Number of protein chains: 2
Amino acid sequence: MGLRERKKAETRAALSWAAIRLTVERGFDQVKVEDIAEAAGVSPRTFNNYFSSKAEAVVARQFDRYLRIAEALSERPAEPLWDAITHAVLPQFGPDAETAAHPVGDAARWRAGVYAMIAQQPALQGEMLRAGSAAEARIAEAVAERTGTDPAKDLYPHLVAAAVLAAVNTALTHYLRSDPPVPVERLLTEAITRIAAGLPTP
Amino acid sequence: MGLRERKKAETRAALSWAAIRLTVERGFDQVKVEDIAEAAGVSPRTFNNYFSSKAEAVVARQFDRYLRIAEALSERPAEPLWDAITHAVLPQFGPDAETAAHPVGDAARWRAGVYAMIAQQPALQGEMLRAGSAAEARIAEAVAERTGTDPAKDLYPHLVAAAVLAAVNTALTHYLRSDPPVPVERLLTEAITRIAAGLPTP
DNA sequence: CGCAAATATGCGCACCCCGCAATATTTGGA
DNA sequence: TCCAAATATTGCGGGGTGCGCATATTTGCG
């Protein structure tokens, strides 16, 4: 990867991180594009070369995570579908390099801030769900390959992809709301297991 | 219901219908709020008293439909959960009074227009998904009541609600894309049945 | 009828997003 | 090494949007 692409990735990450941090601190519409650009050290105009809206920048991290799920699923060995899905999803929500690079002082406060940000901002909710929807196509493709179905003709792969994302979203929302916090991994596992079991009444 | 509320509902419906029709005809960003307001016979400022964005107006019909699913689910008699869900969902996508009031000349052309509108407009995708997400809470409540679970504590009702909406969205998307058209009812039934069966590999 | 509450409208503003064109930077080859 | 092509960044300008606020109009009720 040349210098060019590396710098681009860095700028993108810096913009997204700035957008998230500022939004959690002040609230979504108390942050101007100008602020985000300044925090990332680029011009306001450049911001819109990377993201077509403020909301998109805030959600970029989550979007990348969804894409990694699809990627991981493609690379899983031959195994039962729902095992593969579980193993593709879980690692994406553990501690990663990116998180380590931006330590957060007060974890509880941060969690609450993230929840408020998502819960109270229609624009962010929509963008978050849209990110999932964009990844849906990729995941459906991976599922199709694994099950010998055809995304263009069959409902099945899209249905599985949508169900997986629904499980992930539900688990994450529950996680952000839980007090005291329940481990994400447990919630994700429970959600996926339940879906795979056909959601029988407990 | 007094004259006041009736007129309000009428204005809301007129605005939403105008937004949909104009968007299908010309494309989302070739339509100005001013155009929608004019078509509905109100001032541009009034538009924003009803909807907080253009996208919200376009999606309002779908949003109402989702709410009716939750309502219908609450009112179903005692029966297995997934039977109740199926019976709550299907009727909302049959012919209704509203559709009859606005006959569409060329059905195929209209379907294609609706699909293009959704597929090519990020803002609309997000808003559409958000509408589902808003209804999710209501559906989760109905599920909780039916299964003796607690939305505030349990993952289960939210998971079911999210899965149902995922099924509906997937089926509708598939429907809009299908050529020749497959009946929506069949796709919806298939999607819900599959989810209830735990999505086993076909 | 006449008043209080709810609703519609007009005006103005801050901000967002993008097209365009000029400038700066990186890359790959002569 | 140095230059030209490819690519990125920036400044400028404009069309829209969404909303706060003050005002006019309509509705429901005593």
Side-chain angles (χ1 to χ4, degrees), chain A residues 1-16 18-20 22-23 25-60 63 117 120-128 130-131, chain B residues 1-20 22-23 25-60 63 117 120-127 130-131:
Chain A
M1 188 192 281
L3 173 61
R4 195 163 213 135
E5 299 173 36
R6 206 182 327 137
K7 279 194 88 172
K8 246 188 118 162
E10 273 170 28
T11 302
R12 184 185 147 92
L15 282 170
S16 178
I20 295 172
L22 291 173
T23 299
E25 281 174 13
R26 303 186 211 164
F28 186 66
D29 30 41
Q30 272 64 53
V31 178
K32 288 185 292 187
V33 168
E34 192 185 338
D35 303 331
I36 301 172
E38 192 188 11
V42 295
S43 79
R45 181 62 184 86
T46 297
F47 173 87
N48 278 91
N49 290 344
Y50 284 86
F51 301 106
S52 63
S53 78
K54 232 189 345 173
E56 198 177 301
V58 173
V59 174
F63 177 64
M117 167 177 96
Q120 294 167 9
Q121 291 299 336
L124 286 182
Q125 289 175 39
E127 199 60 30
M128 187 76 93
R130 204 170 73 78
Chain B
M1 187 191 284
L3 174 60
R4 195 161 214 142
E5 298 173 35
R6 206 181 327 136
K7 279 195 88 170
K8 239 186 125 167
E10 272 171 29
T11 302
R12 183 185 146 92
L15 282 170
S16 177
W17 173 247
I20 294 173
L22 291 173
T23 299
E25 282 174 13
R26 303 187 210 162
F28 186 65
D29 31 41
Q30 273 64 51
V31 178
K32 290 186 292 188
V33 169
E34 193 184 339
D35 303 331
I36 301 172
E38 192 187 11
V42 295
S43 79
R45 181 62 184 85
T46 296
F47 173 87
N48 278 94
N49 290 344
Y50 283 85
F51 300 106
S52 63
S53 78
K54 234 192 339 174
E56 198 177 302
V58 173
V59 174
F63 176 65
M117 167 178 96
Q120 294 167 10
Q121 291 299 337
L124 287 182
Q125 289 175 38
E127 199 61 31
R130 204 170 73 77

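The sequence lines fix the lettering, A, B, ..., with proteins before strands; numbering per chain opens at 1. Being a predicted model, the structure only gives us computed values, none of them experimental.
Contact record, A:Leu15 with A:Val42: CD2-CG2, 3.9 Å, taken as the closest heavy-atom pair.
Between A:Lys32 and C:dC16, a side-chain N or O to OP1/OP2 separation shorter than 4.0 Å is absent. Remark: B:Ser43 is not in phosphate contact with C:dA8, judged by side-chain N or O atoms under 4.0 Å from OP1 or OP2. Using a 4.0 Å cut-off, some side-chain N or O of B:Tyr50 falls inside it from OP1 or OP2 of C:dA8. Contact between the side-chain N/O atoms of B:Lys7 and the OP1/OP2 oxygens of D:dT26 is not found at any separation under 4.0 Å. Residue A:Asn48 has a polar side-chain atom (N or O) positioned under 4.0 Å from OP1 or OP2 of C:dC18.
Going from atom CD of A:Glu38 over to atom P of D:dG11 covers 13 Å, rounded to whole Å. Distance CZ (B:Arg6) to P (C:dA6): 19 Å, rounded to an integer number of Å. In this structure, A:Leu15 places its CG atom 13 Å from C1' of D:dA8, rounding to the nearest Å. Put simply, CZ on A:Arg12 is 13 Å from P on D:dT9, counting in whole angstrom units. Across the protein-nucleic acid pair, B:Phe28 atom CZ and C:dC18 atom C1' stand 16 Å apart, rounded to whole Å. A straight line from CD of A:Glu5 to P of C:dT27 spans 9 Å, rounded to a whole angstrom. One atom, CD1 of B:Ile36, and another, C1' of D:dG16, lie 12 Å apart when rounded to the nearest Å. Distance B:Lys8 NZ to C:dA5 P: 17 Å, rounded to the nearest Å.
If you check every strand for non-hydrogen atoms under 4.0 Å, B:Asn49 touches a base.
Checking D:dT17, C:dC18, C:dC16 against the side-chain heavy atoms of A:Ser52 singles out C:dC18 as nearest.
In this structure a side-chain-to-backbone donor-acceptor pair under 3.5 Å is present from A:Lys54 to A:Val31. Side-chain atoms of B:Ser16 do not come within 3.5 Å of backbone N or O of B:Val58 as any donor-acceptor pair. For the pair B:Thr11 (side chain) and B:Lys7 (backbone), a donor-acceptor distance under 3.5 Å is present.
Considering CZ of A:Phe28 and CD of A:Gln120, their distance stands at 13.0 Å, rounded to 0.5 Å.
Nearest-nucleotide assignment on DNA chain D puts the 5′-proximal partner with A:Arg45, out of B:Val31 and A:Arg45.
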